Amino acid sequence: MLTDREVLSTLAMLRNEHLDVRTVTLGVSLFDCASDNFDTFADKVRTKIGKYAEKLVATCDEVGDKYGIPVVNKRISVSPMGVVCASFSPEQMVKACQVLDESAKAAGVNFLGGFGALVEKGMTRGDRALIDALPEALAVTDCVCSSINVASSRSGINMDAVALMGETIKAIANRTADRDGLGCAKLVVFANIPQDVPFMAGAYLGVGEPEVVINVGVSGPGVVKKAIDRAMERNPNRTLSDIAEVIKRTAFKVTRVGEIIGTEVAARLGLPFGVADLSLAPTPEVGDSVGEIFQSMGLSSIGAPGSTAVLAMLNDAVKKGGAFASSHVGGLSGAFIPVSEDSSIAAAAASGALTLEKLEAMTSVCSVGLDMVAIPGDTSAATISGIIADEMAIGMINSKTTAVRIIPVPGKGVGDLVSFGGLLGEARIMPVPGGNAENFIRLGGRIPAPIHSLKN
Amino acid sequence: MNKVVVSFLGRDCPGIVHAVASLMNELDCNIDEVSQTILHSEFAAIVIADVPDSLTVETLHAKLEAGLAERKVDLNVTTRLLDGSGWGDAITTEPFVVTVDGPDRPGLIAGITGVFARHNVNIENLKALMPGGDKDGHALIVYEVALPASVDPALLRAELREEADRLAVRVSMQHRDIFEAVHRVQPV
């Protein structure tokens, strides 16, 4: 029989602390859909995604209903389209992106990820065509997300790609200027991208993955915050060791919920279960914020001195608790700090307590990186490339995933409010540090991979 | 050997369980299973035991009552043969946990259990944790139930919500696995 405490604490998690399964992502390999004939390709993609995704949303809802825990987002990830569509021109790439968009809408999912390329060591013709297509592709579609991996610890940083992504981000922003550069919110530039990410916008199905797979992204920043608050209330003399233990145990509970739901969805669909991604992903809703955890741990806000230390501890404790709860952990597994998507982080950025420089420092200990940061529309492509290069360097040297999802909002400047709507939230535009990276970015080439025998 | 089910109810005090167990031992009854609880100061126990063929249920009942009176233990006794068949033996069920909380009021349990009864949902454990016990008169009632496979959880949940709204309380219904998964370190 369940004890009173078990019932009460689970009920509190479900009711008051925004416990949900953040995303169930169906990975579908599209390698067998490759064709140099566009119509053949499009038919195969529609048929394959349609076949496997047909029951995804209904099944997630049924399983969520059975357990009384909602699966908030149902998504699809596909193989990197730079490889699948290697023979296509940029115009055909745009059409391919539209086919994916239609397939996602037909399946009833809210996002489809994988319109991306892996170019950390070099770029193929297909990769280049895909990147060239991005401004148009992200403007004319609603659900498709893109991730471009431009660096890895093994290959170094492809600075030609970094330079190109700076230009591309500017072009995407301008092409979606009527929506405050919204297209940029659907693009992430990565270092060390994992191949089984269920969270958007970075989701894609890697080359070593099965034909079809179900990955699950658990979340629960609200649950972690409330658990810390409760522990502090019961005993205000708690130390950081105690709080780390509280976070660890809470992460265990949250991950178990994700694992149980993910495995059941996979079983009902007759598909293999892949990984649970342990990330704490905030939403703009109050009480579902990663930023508020910083306040619960005694900081005036995220961005105050001490923030990097708090984030390091939070990330580690989440991984420790989650790793025991799930047989297969993957994805990014850490705390996201997306500015506009988290009301508390957005507020800290608006007040000046959180700067771009501090965000960058914090990304050295968290997943993923500079995320959903709105910057002035007149920021140059070279400056954006410089920001990307810095972030990639952190990932490359520290053998971790880092990423940049940055939005130069056309026609707006520092302090202006920009609203992307829904989960993407809203934020004030942050100032970008001065200086000029133009000549550095123009050098191009590749920053060599680091030597790890002399680690320091 | 026959199996009997015997229930005991009365004021709690030390020595009750010993009185019951030793009496049954003297009557050559072998206790199989016992469930015992205390609510406020009231003792309740339900016992399943093997009894010799020579002992009828009526005789057992009479001897238990006499023995308890002799030991000055004030318990009401009910005795009957266990026929071995139970509800749910032939149907597949899923375990769910339903909780109801809100201001205590008459009819709270009757209302919710009415929904269960209509859907053929069996209550396996029922616990009212603080019915009127705290100063605000806040009740929390936990039902562990068995849901036949033929019952649509969404429909049941909707009807429970409707009933809870009528009673001005909150209701939630989760699969039992969630509670196990979150709190117990064992595969689920």
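Please read these numbers as outputs of a predicted model, since none were measured by experiment. Order of the sequence lines sets the chain letters (A, B, ...), proteins ahead of strands, with each chain counted from 1.
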TODO: Tabulate, in ascending numerical order, the residues of residues 16-46 of chain B having at least one heavy atom closer than 4.5 Å to a heavy atom of chain A, or enter 'none'.
DONE: none
TODO: Can you measure from CD1 (B:Ile178) to OG1 (A:Thr10) and round to the nearest 0.5 angstrom?
DONE: 8.5 Å
- [ ] Ignoring hydrogens and angles, tell me if any N or O in the side chain of A:Arg256 forms a donor-acceptor pair with the backbone of B:His183 under 3.5 Å.
- [x] no
Open item on the list: Please give me the minimum heavy-atom distance between A:Leu2 and B:Glu180, naming the atom from each residue.
Closed with: CD2-OE2, 4.5 Å
Task: Within residues 230-254 of chain A, residues adjacent to chain B where the heavy-atom gap is under 4.5 Å - done: A:Phe252, A:Lys253
Task: Residues of residues 149-176 of chain B near chain A, each having a heavy atom less than 4.5 Å away - done: B:Pro153, B:Ala154, B:Arg157, B:Arg170, B:Val171, B:Ser172, B:Met173, B:Gln174, B:His175, B:Arg176
- [ ] To the nearest 0.5 angstrom, please state how far the OH atom of A:Tyr67 sits from the CZ atom of B:Phe96.
- [x] 8.0 Å
Task: Residue B:Glu124 versus chain A: region with a heavy atom under 4.5 Å - done: neither
Open item on the list: Less than 4.5 Å apart, side chain to side chain, heavy atoms only: is that true for B:Leu140 and A:Leu8?
Closed with: yes
- [ ] Can you measure from OG1 (A:Thr3) to CZ (B:Phe179) and round to the nearest 0.5 angstrom?
- [x] 10.5 Å
- [ ] Please check if atom NZ in A:Lys51 has more than 12 non-hydrogen atoms from other residues, nucleotides or ligands closer than 6.0 Å.
- [x] no
Open item on the list: Can you list the residues of residues 55-65 of chain B that sit under 4.5 Å from chain A, counting heavy atoms only?
Closed with: none
